[in-house]
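All ligand and atom numbering here is 1-based and tracks the order in the structure.
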Amino acid sequence: MVHIWNDPTEVPEDFGPSVVTIGNFDGVHRGHQQVLTQLLRTAGEHGARSVVVTFDPHPALVHRPGSAPELLMGLQDKLDALADTGVDAVLVMKYNLTLAAMTPEEFVVNVLLDGLHAAHVVVGHDLRFGVGNSGDVGTMQELGKKLGFGVHVVNEFGAEGFPVHDDGGTDRRCSSTWVREALAEGDVETAAAVLGRPHRMRGEVVHGAARGRALGFPTANLDHGATGYVPADGIYAGWLVDESGTRWPAAISVGSNPTFDGVSRQVEAHVIDRPEEEVEDFNLYGQTVVVEFTSRLRGMVAYRGPEALVEQMRLDVAQAHDLLLDK
Ligand SMILES: Cc1cc2nc3c(=O)[nH]c(=O)nc-3n(C[C@H](O)[C@H](O)[C@H](O)COP(=O)(O)O)c2cc1C
Ligand SMILES: Nc1ncnc2c1ncn2[C@@H]1O[C@H](COP(=O)(O)OP(=O)(O)O)[C@@H](O)[C@H]1O
């Protein structure tokens, strides 16, 4: 089991020696995964423990609250994705102006050495850390020499062989920005290729306009505090994972439901292939669920009325079924 700490004081005295990496890891995409693989390799070579130091909230939200990018994932999904890589521990540092004011050396001494007993540090080539982002890979290497720890730098990870953008480029480096751009276009397939897994949102199932059942397509609506980047408006095939961990195939709708003059943007998932007579027994309200986006089906359309919408929804569900279940 992975250890999750929220402060260096929670790290047991006898923990270590460790190999540590630092970063925001928004998305835990394939580039991040390269760094994490190296972290585990270095830890294995030295019989040391592997630790990820990450920050919450995301530094951009503290420094540029008005213009920070929408995050790809909430903290829970980040911790899950980090745990999936097999690291021994994650230290989630509370990010605030006090932490931001630490010099690179203070950060290394207080957090990595005194807190985590780091013997090695594994970092991406574009590392920036310490007050005003003043530290980089060179700074880390100098501190390593001075204070006696090893530094391993991981190079860019491209996406050769991946299905990518229509500009034909196949060598774009994996990045959170790329995933955001793909999702903003509804291209959840490219997002999944860069992430190494489907994009997901997580939220509580709340009451919607109570129209779904009447239409014959009840939907679990995510609350407005749901985490995870909201992909472009449209209809998707994917999965709903309930609180018990059961994965249900789903047709997912993102948008303001213009057929009904809706105004607020909803993310809602209709679990497909459920027997109609069991609708009353299938209750997701109040549960915190995950919605995974695997394929885009079409854009959001303002239909003239519910009949035309229902006709299209039947086709969407059949298409989702074929994509998700007919292998
Ligand atoms: C597969 C699927 C496709 C949908 N497509 C559209 C659409 O094209 N246009 C639209 O206005 N609403 C669309 N919706 C959203 C419905 O309008 C919405 O689910 C319905 O009004 C029920 O809303 P409620 O959950 O708030 O009761 C779609 C929903 C699903 C599940
Ligand atoms: N196949 C299904 N997919 C999604 N939710 C379902 C399904 N069957 C029953 N439900 C339940 O019905 C609720 C949705 O009913 P609906 O009439 O769409 O109301 P609301 O407007 O509150 O979304 C869901 O939150 C869930 O508890």
Hey, is Phe260 one of the residues with a heavy atom under 4.0 angstrom from ligand 1?
-> yes

Any idea which atoms of ligand 1 are less than 4.0 Å away from a heavy-atom of Tyr303?
-> 8 (O)

Option of least heavy-atom distance to atom 5 (N) of ligand 1 (set: Arg298, Gln312, Met300, Met313) | Arg298

Can you list the ligand 1 atoms lying under 4.0 Å from a non-hydrogen atom of Ala210?
-> 27 (O)

Ala209 heavy atoms, cut-off 4.0 Å: which ligand 1 atoms fall inside?
-> 24 (P), 26 (O), 27 (O)

Is Leu97 close to Val62 at the side-chain level, that is, under 4.5 Å between some pair of heavy atoms?
-> yes

Can you tell me which residue and heavy atom of the protein come closest to atom 18 (C) of ligand 1, and the distance to 0.1 Å?
-> Glu268 OE1, 3.3 Å

Would you call Asp56 and Lys94 a salt bridge, using N to O less than 4.0 angstrom?
-> no

Tell me whether the guanidinium CZ or amine NZ of Arg211 lies under 6.0 angstrom from the six-membered ring centre of Phe260 and within 45° of its axis.
-> yes

Any N or O of Phe217 that comes nearer than 3.5 Å to an N or O of ligand 2?
-> no

Closest by any non-hydrogen atom to atom 24 (C) of ligand 2: pick that one out of Asp281, Val206, Thr219, Asn283.
-> Thr219

for atom 20 (C) of ligand 1, nearest protein heavy atom and its distance come out as Leu215 CD1, 3.8 Å

Heavy-atom closest contact (Ser50 atom, Gly86 atom, distance) = OG-O, 4.4 Å

Note: ligand 2 atoms sitting under 4.0 Å from heavy atoms of Asn221 are 23 (O)

Answer with side chain, backbone, both or neither: which part of Ile252 has a heavy atom less than 4.0 angstrom from an atom of ligand 1?
-> neither

What protein heavy atom sits nearest atom 6 (C) of ligand 1, and how far off is it?
-> Leu309 CD1, 3.3 Å

Judged by modelled atom types alone, do Gln33 and Arg30 share a side-chain donor-acceptor pair under 3.5 Å?
-> no

State the atoms of ligand 2, each with its element, that fall below the 4.0 Å cut-off from a heavy-atom position in Ala209.
-> 21 (O)

Verify whether the ring centers belonging to Tyr285 and His207 lie closer than 6.0 Å.
-> yes

For ligand 2, which atoms sit closer than 4.0 Å to a heavy atom of Arg274?
-> 1 (N)

Among Thr259, Leu297, Asp233, Val271, which one has a heavy atom closest to atom 11 (O) of ligand 1?
-> Thr259

Counting heavy atoms only, which part of Val271 comes closer than 4.0 Å to ligand 2: side chain, backbone, both or neither?
-> both

For Gly208, take its heavy atoms, then give the atoms of ligand 1 lying under 4.0 Å from any of them.
-> 26 (O)

protein heavy-atom neighbour closest to atom 25 (O) of ligand 1 works out as Thr219 OG1, 2.7 Å

Is a side-chain N or O of His199 found less than 3.5 angstrom from the main chain of Ala192, in a donor-acceptor match?
-> no

Quick one: look up the protein heavy atom nearest atom 9 (N) of ligand 1 and list residue, atom name and how far away it is.
-> Val301 O, 2.6 Å

How does Ala250 reach ligand 2, by side chain, by backbone, by both or by neither, if only non-hydrogen atoms under 4.0 Å count?
-> neither

Closest protein heavy atom to atom 11 (C) of ligand 2, given as residue, atom name and distance to 0.1 Å | Phe282 O, 3.2 Å

Gln287 side-chain N/O to Glu243 backbone N/O, donor-acceptor pair under 3.5 Å | yes

Protein contact to atom 17 (O) of ligand 2 [nearest heavy atom, distance to 0.1 Å] | Arg213 N, 2.8 Å

Under 3.5 Å, N or O to N or O, is Tyr285 touching ligand 2 that way?
-> yes

Among all residues two or more places apart in sequence or in another chain, which pass the side-chain hydrogen bond (donor to acceptor under 3.5 Å, both in side chains) test with His224?
-> none

Among all protein heavy atoms, pick out the one at the shortest distance from atom 22 (C) of ligand 1; state its residue, atom name and that distance to 0.1 Å.
-> Gly212 N, 3.5 Å

Given that the side chain starts at C-beta and the backbone is N, CA, C, O, which of these parts of Arg211 lies under 4.0 Å from ligand 1, counting heavy atoms, or is it both or neither?
-> both

For atom 21 (O) of ligand 2, what is the nearest protein heavy atom, given as residue, atom name and distance?
-> Ala210 N, 2.5 Å

For ligand 2, is Ala214 a contact, meaning one of its heavy atoms is under 4.0 Å away?
-> no

